[in-house]
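What you see below is based on every heavy atom in this structure, not just the backbone, and it leaves out hydrogens, waters and symmetry mates. Note that the coordinates shown come from a computational prediction; the quantities given were computed from them, not determined experimentally. Sequence positions, counted from 1, serve as the residue numbers for this chain.
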Amino acid sequence: MMTIGAFSKACRLSPKALRLYDELELLRPARVDPETGYRYYAPEQLEQARLVVWLRRLGMPLAEIRKVSTLEPAAAAREIRAFWSRIERETATRRDLASFLVTHLTPSPPNKETTMPPGTPDIPAPTPSLELRYAALSDTGRVRPANQDTAYAGTRVLAVADGFGSGGAPASGAAVEALKFLDAEPLAAGSVLNLLEDAVQGATEAVREVAGPETGTTLTAMVWTGSQLALVHIGDSRAYLLRDGELFRITHDHTVVQSLLDEGRLTPEEATSHPQRTLLAKALTGTDSPPPDIRLHDARPGDRYLLCSDGLSTTVPEATIKETLTTSPTPTEATHSLITQANTAGAPDNVSCVVADITTA
């Protein structure tokens with residue numbers, strides 16, 4: 001048997017990490033001294049420990065590592081391949097954003113005469129003009145007596161807010177109303193994030209004015225500049241991007257259960273039935289609200305965006321959402337189809353969604 005110190009040196013996992021993995025039932029010691037609680041490991045456990053180290057270097061969450069470590073080698077290899085394919089898709093989306101930011105932040109060189117390579121056209125091809133086509137729809141659902149959601153789609157602003165508490169409806173309405181002034185004027189990509197931060201501050205103050213105890217709202221919104229979409233997100237409403245036939249979730253839930261998932265303390269299967277799965281970790285409330293996530297997305301022709309309250313995402317499977325967004329010809333048809341699917345599934349909560357397409361003018 002190996003002491004925890006010797007095992008730690010051999011597998012390059014710290015004693016603190018080994019204790020955590022023991023608690024998570026990811027890497028249990030072979031024996032625990034009943035009097036001292038000291039952990040001992042068997043030499044044959046080194047291979048499993050090294051696998052954990054390698055998978056952590058890949059960035060795999062602990063919940064997924066726990067699953068992979070129980071599989072036969074061939075099945076484990078398939079899971080790792082699927083995980084890395086997903087990472088590559090997500091990285092491609094972030095790479096597009098990084099390229100935009102590098103171009104946007106790099107000063108243009110002063111005008112000077114240059115010798116162009118042979119065959120270079122004298123006049124560059126014009127960049128196609130992009131348009132935003134959109135639809136918004138909200139429904140009470142099959143169980144709730146009133147609708148506390150707010151969904152909005154305008155020339156430049158797309159938003160979904162999901163109110164909670166006794167004043168949930170006024171809170172969600174106030175949050176979205178505070179963003180509508182951004183619809184009025186053309187927005188420059190270079191200043192839209194600053195404008196959005198100011199608008200969110202206004203939304204926070206508006207919610208504070210109408211919110212009572214234990215009352216507040218989520219807010220997931222996007223602002224269109226003509227070439228980019230600025231995203232603001234707080235709570236568990238979501239934003240998705242359908243691009244080239246693949247569906248990406250571009251927001252991260254601010255819930256207690258999501259935090260447990262991130263830490264590897266819950267599996268995705270356990271999260272779906274967790275008694276606190278709707279408990280929010282961040283939201284706009286009547287007290288001091290934590291800062292939301294704010295970032296910029298580069299848009300492409302053919303992109304389709306979905307903003308929705310959790311009444312849709314917790315009721316309709318993601319595969320069905322993807323199929324609906326792929327097959328619905330227009331944003332209006334997509335919103336109606338998604339709401340219908342949620343109601344058919346029982347719709348225990350209010351259901352709201354906004355669908356927007358990026359098209360060439």
Between Thr215 and Phe164, does a side-chain contact (heavy atoms from CB on, under 4.5 Å) hold up when you go through it step by step? CA-CA 6 Å; Thr215 296; Phe164 57 87; 5.6 Å; no
What is the distance from atom CG of Asn343 to atom CG of Leu338, rounded to the nearest 0.5 Å? 11.5 Å
Could you go through the salt bridge (charged side-chain N to carboxylate O under 4.0 Å, His left out) check for Arg208 and Glu205 one step at a time? CA-CA 5 Å; Arg208 189 175 297 132; Glu205 294 171 0; 5.3 Å; no
Applying side-chain hydrogen bond (donor to acceptor under 3.5 Å, both in side chains) to Ser337 and Gln341, what does each step give before you reach the verdict? CA-CA 6 Å; Ser337 181; Gln341 289 165 9; 3.2 Å; yes
Would you call Leu18 and Phe7 a side-chain contact if the rule is heavy atoms closer than 4.5 Å? yes
Is Arg144 salt-bridged to Asp349, going by a charged N under 4.0 Å from an acidic O? yes
About how many Å separate CZ of Arg156 and OH of Tyr134, when rounded to the nearest 0.5 Å? 9.5 Å
Can you tell me if Glu214 has over 12 outside heavy atoms packed within less than 6.0 Å of its CD? no
Would you check, one step at a time, whether the test salt bridge (charged side-chain N to carboxylate O under 4.0 Å, His left out) holds for Arg238 with Asp310? CA-CA 7 Å; Arg238 291 181 176 180; Asp310 69 330; over 6 Å; no
Asp357 side chain reached by Arg304 side chain, heavy atoms, under 4.5 Å: yes
Considering only heavy atoms from C-beta outward, does the side chain of Asn194 approach that of Glu197 to under 4.5 Å? yes
State, with a plain yes or no, whether a side-chain heavy atom of Ile234 is found less than 4.5 Å away from one of Thr217. no
Cys353 SG to Leu312 CG distance, which is reported to the nearest 0.5 Å: 6.0 Å
Less than 4.5 Å apart, any side-chain heavy atom of Asp303 and any of Arg300? yes
How about Pro43 and Met2: do any of their side-chain heavy atoms sit closer than 4.5 Å? yes
Can you measure from CE (Met1) to CZ (Arg39) and round to the nearest 0.5 angstrom? 13.5 Å
Given side chains that start at C-beta, do those of Lys180 and Tyr152 come closer than 4.5 Å, heavy atoms only? yes
Could you walk me through whether Thr326 and Glu323 pass the side-chain hydrogen bond (donor to acceptor under 3.5 Å, both in side chains) test, one step at a time? CA-CA 5 Å; Thr326 302; Glu323 180 182 3; over 6 Å; no
side-chain contact (heavy atoms from CB on, under 4.5 Å) partners for Asp293, two or more places apart: His233, His254, Lys282, Arg295
Does Ser313 offer a backbone N or O that forms a donor-acceptor pair with the side chain of Glu318 under 3.5 Å? no
Polar contact flag, side-chain donor to acceptor under 3.5 angstrom, Ser237-Thr218: yes
Student check: side-chain heavy atoms of Val192 and Trp224 closer than 4.5 Å: no
For Glu131, enumerate each residue passing the salt bridge (Lys or Arg N to Asp or Glu O under 4.0 Å) test, keeping only those at least two apart in sequence or located in another chain. Arg133
Only counting residues at least two apart or in another chain, list the ones meeting side-chain hydrogen bond (donor to acceptor under 3.5 Å, both in side chains) with Ser352. Ser138, Asp149
For Arg31, what residues pass the salt bridge (Lys or Arg N to Asp or Glu O under 4.0 Å) criterion, not counting sequence neighbours? none
Among residues at least two apart in sequence or on other chains, which ones pass side-chain contact (heavy atoms from CB on, under 4.5 Å) with Leu55? Leu51, Leu58, Met60, Ile65, Val68, Ile80
List in chain and number order the residues that pass salt bridge (Lys or Arg N to Asp or Glu O under 4.0 Å) with Lys9, two or more places apart in sequence or in another chain; answer none if no residue qualifies. none
Gap separating the CG atom of Leu132 from the CG atom of Leu229, nearest 0.5 angstrom: 6.5 Å
